[in-house]
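To start, the structure itself, in structure tokens.
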2 protein chains.
Amino acid sequence: MRRSDRLDATFAALADPTRRAILARLANGEASVTDLAKPFKMSQPAISKHLRVLERAGLISRGRDAQRRPRRIEGKPLAEATGWLEQYRRIWEGNFQRLDELLDELKIQQPNDDTPTPTGDD
Amino acid sequence: MRRSDRLDATFAALADPTRRAILARLANGEASVTDLAKPFKMSQPAISKHLRVLERAGLISRGRDAQRRPRRIEGKPLAEATGWLEQYRRIWEGNFQRLDELLDELKIQQPNDDTPTPTGDD
DNA sequence: TAGTTCCATAACCAATAGGTTATTCAATGA
DNA sequence: TCATTGAATAACCTATTGGTTATGGAACTA
């Protein structure tokens, strides 16, 4: 699978609150499907479908223990997603916003100018 | 909007490669819709739809410059998503995997045992 | 052996997503 | 004023998503 497709699958898997809750549960140890389903109001097959989404994204893997098929969390896709987001760290840490504020202050002479700051292109 | 809903919207927005490419483009400065559409084979309305998704997730905002409606990237949702993923840092940095490997080595006596390591629960 | 537990799968349904073409609207510029 | 440019919107289509109920199979347990 290409990196882009993996990111597609990872972010799509993380876009559902049920699946994020399942990952949170798995963060402190593997768990059976029944255990994972317990906190939710939905049916067991619905949970199995969510697990399939997580598994196809590589976020969890499946073990075996008698009739049980315990899931465990896998770190790699989370690492890749985090890595992708890191690209934007300088943005979300506010450097750009501060630059904009600086530019705004430098042209505080002209009143009533509601056009945005020119480009911000570095 | 609740935090969970914001994460839903953010991750869903990031799950599409076109939208990720748009964000990458906006990372080095604001751009008009036409400019943003240029690299893609799809129609302008398709791009506008993607922009709407990004905007509703708060990942971009809309300026105005004559007929143009330049988009700029917004950092907060990216920060929030990154923050959520940070929860799992100890997992995706491999600590758990190394623990598993250790446990595997400790019971390397029994041959042909394909059951997974017991719990991993901390 | 017979019942039970755990889970997967199939079939179905409504809602959403991602694309299209056609159209309209707003602002610019000749 | 009128054509052009930039972008949004509507109507439509197909595929996917997220849920349901019903069913079945595999592995334990009495």
Side-chain angles (χ1 to χ4, degrees), chain A residues 1 4-5 7-23 25-26 30-57 59-72 113-116 119, chain B residues 1 4-5 7-23 25-26 29-57 59-72 113-116 118-119:
Chain A
M1 226 204 295
S4 174
D5 295 327
L7 285 172
D8 287 5
T10 300
F11 284 128
L14 296 180
D16 185 280
T18 301
R19 290 193 290 264
R20 287 198 308 275
I22 288 174
L23 286 179
R25 170 72 166 75
L26 290 176
E30 59 179 43
S32 71
V33 175
T34 318
D35 282 354
L36 290 172
K38 218 155 275 168
F40 301 101
K41 293 181 66 179
M42 68 189 79
S43 65
Q44 169 261 312
I47 297 296
S48 281
K49 280 197 178 185
H50 282 303
L51 292 174
R52 198 160 66 93
V53 173
L54 289 168
E55 189 174 349
R56 300 198 61 198
L59 286 161
I60 62 174
S61 59
R62 189 192 311 220
R64 58 168 52 213
D65 165 25
Q67 319 105 312
R68 259 143 272 131
R69 294 295 175 270
R71 302 316 206 266
R72 75 165 52 187
D113 180 353
D114 68 345
T115 62
T119 77
Chain B
M1 228 204 291
S4 174
D5 296 327
L7 285 172
D8 286 6
T10 300
F11 284 128
L14 296 180
D16 185 279
T18 302
R19 290 193 291 263
R20 287 198 306 276
I22 288 174
L23 286 179
R25 170 73 167 75
L26 290 177
E30 58 179 44
S32 71
V33 174
T34 319
D35 283 354
L36 290 172
K38 218 156 274 168
F40 301 102
K41 295 181 62 180
M42 68 188 80
S43 65
Q44 170 261 312
I47 297 295
S48 280
K49 278 196 179 187
H50 283 303
L51 293 175
R52 199 160 64 94
V53 172
L54 289 167
E55 189 174 349
R56 299 197 60 196
L59 285 160
I60 62 173
S61 59
R62 190 192 310 219
R64 58 167 52 212
D65 164 26
Q67 320 105 311
R68 261 143 272 130
R69 294 294 177 270
R71 303 314 206 265
R72 74 164 53 185
D113 179 353
D114 67 346
T115 62
T119 79

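Values reported hereafter were calculated over all heavy atoms of this structure, with side chains retained and with hydrogens, waters and symmetry mates removed. Per chain, numbering begins at 1; letters A, B, ... match sequence-line order.
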- Item | A/A12 backbone acceptor or donor facing A/R19 side chain under 3.5 Å | yes
- Message: Determine whether a donor-acceptor pair (N or O, by modelled atom type, separation under 3.5 Å) exists between the side chain of A/R71 and the backbone of A/R69.
- Response: yes
Side chain of [X]: nearest nucleotide among [options]?
| X | options | answer |
| --- | --- | --- |
| A/S43 | D/dT20, D/dG18, C/dG19 | D/dT20 |
| A/R68 | C/dT20, D/dG18, C/dC7 | C/dC7 |
| A/S48 | D/dG18, C/dC7, D/dA10 | C/dC7 |
| B/A46 | C/dG19, D/dA8, D/dG18 | C/dG19 |
| A/T34 | D/dG6, C/dG18, C/dC6 | C/dC6 |

Rounded distance (Å) that lies between atom [atom2] of [N] and atom [atom1] of [X]:
| X | N | atom1 | atom2 | value |
| --- | --- | --- | --- | --- |
| A/R56 | C/dT9 | CZ | P | 12 Å |
| B/L14 | C/dG18 | CG | P | 12 Å |
| B/D8 | D/dG18 | CG | C1' | 13 Å |
| B/Q44 | C/dT23 | CD | P | 15 Å |
| A/R69 | C/dA8 | CZ | P | 8 Å |
| A/K49 | D/dG19 | NZ | P | 9 Å |
| B/L51 | C/dA17 | CG | C1' | 16 Å |
| A/L36 | C/dC6 | CG | P | 13 Å |

For [N], does OP1 or OP2 lie under 4.0 Å from any side-chain N or O of [X]?
| X | N | answer |
| --- | --- | --- |
| A/R71 | C/dA8 | yes |
| A/R52 | D/dT17 | no |
| A/R19 | D/dG18 | yes |

- Comparing nearest nucleotides in DNA chain D, the 5'-proximal residue of the pair A/M42, A/Q67 is A/M42
Heavy-atom pair with the smallest gap, counting every atom of [X] and [Y]:
| X | Y | answer |
| --- | --- | --- |
| B/A31 | B/R25 | CB-NH1, 3.6 Å |
| B/D65 | B/P70 | N-CD, 3.9 Å |
| B/V33 | B/S48 | CG1-OG, 4.1 Å |

- Within the structure shown, what part of the strands sits under 4.0 Å from B/A66 by heavy-atom distance: base, sugar-phosphate, or nothing? sugar-phosphate
